[in-house]
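One structure below.
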Amino acid sequence: MKIGILSLQGAFIEHAKILDRLGVENFEIRQRKDVEQQFDGLILPGGESTVMGKLLQELELFIPLQEKIQHGMPVFGTCAGLILLSKEIDNDTHRYFATMDICAKRNAYGRQLGSFYIQAPFGKLGDIPMTFIRAPYIKSLGKDCEILATVDNKIVAARQQKQLVTAFHPELDEDNRVHQYFLSMI
Ligand code: GLN
């Protein structure tokens, strides 16, 4: 199994470290030729969605990655990665891959709560550590989506078929279970 990690900006190294720890082959996606190889899953990390969106276009990565996702490649978006996958963005006119039937609210916790840490239940995994950094949450979602976690009545993790999103950063904590969950989808 081989996972491509979008590595233009943001917290991509942390995802690679978790996959290394799990013994899963992974590589950085930085330019067009990187996506020409065979791979089995894609990670879209946290960072700044507007910057990533711009770089994806400039580097001609946008269309090939969108096509892969549309054709069913398993994808895991964390934080800004969630925004990249959202069909709707409540407080932004940009749209990116727009492959997942969710409406995200960007920077949804306001300044005071810009960053916080909590432990909360995730699907059947029990409590997992959740680090939020200027995070979005999911305001609403389509009927094909499954809610995997909520914090304060806000949806912070969801899945639609082979697409998994978390508003928090599982790659920043010493817990591999959310990544293992993603790998089990492949
Ligand atoms: N606030 C960022 C955005 O809107 C996301 C923050 C993150 O990925 N930690 O893209």
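Remember, it's 1-based here, ligands and their atoms both numbered in the order they're listed. Since the structure is predicted, the reported quantities are computational estimates derived from the model, not experimental observations. Atom set for the values below is all heavy atoms of this structure, side chains included, hydrogens, waters and symmetry mates excluded.
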Donor-acceptor pairs are to be reported for all side-chain atoms of residues 31-44 against protein atoms at under 3.5 Å, with residues two or more places apart or in another chain.
residue, atom, partner, partner atom, Å
R32, NH1, E60, O, 3.4
D34, OD2, R30, N, 2.7
D34, OD2, Q31, N, 2.8
Q37, OE1, K2, NZ, 2.7
Q37, NE2, D34, O, 2.9
D40, OD2, K2, N, 2.7

Inset, instruction - Count the heavy atoms of every other residue, nucleotide or ligand shown that sit under 6.0 Å from NZ of K87, and state whether that count exceeds 12. - result: yes

Legend entry - Side chain to side chain, L82 and Y137, heavy atoms closer than 4.5 Å: no

Inset, instruction - Hey, could you give me each pair passing salt bridge (Lys or Arg N to Asp or Glu O under 4.0 Å) that has a residue in residues 144-154? Not counting sequence neighbours. - result: none

Exercise answer, ligand 1 polar atom pairs (N/O) under 3.5 angstrom:
residue, atom, partner, partner atom, Å
ligand 1, 1 (N), N107, OD1, 2.6
ligand 1, 1 (N), R134, O, 3.0
ligand 1, 4 (O), R106, NE, 2.6
ligand 1, 4 (O), R106, NH2, 2.9
ligand 1, 8 (O), G47, N, 2.8
ligand 1, 8 (O), G47, O, 3.0
ligand 1, 8 (O), A80, N, 3.1
ligand 1, 9 (N), I133, O, 3.0
ligand 1, 9 (N), H169, NE2, 2.9
ligand 1, 10 (O), S49, N, 2.7
ligand 1, 10 (O), S49, OG, 2.8

Inset, instruction - Report yes if some heavy atom in the side chain of F182 is under 4.5 Å from a heavy atom in the side chain of P74; otherwise report no. - result: yes

For residues 11-22, please give each side-chain donor-acceptor pair under 3.5 Å, one per line with the distance, not counting sequence neighbours.
residue, atom, partner, partner atom, Å
H15, ND1, H179, NE2, 2.9
H15, NE2, T78, OG1, 3.3
D20, OD1, N26, ND2, 2.9
R21, NE, N176, OD1, 3.3
R21, NH2, N176, OD1, 2.7

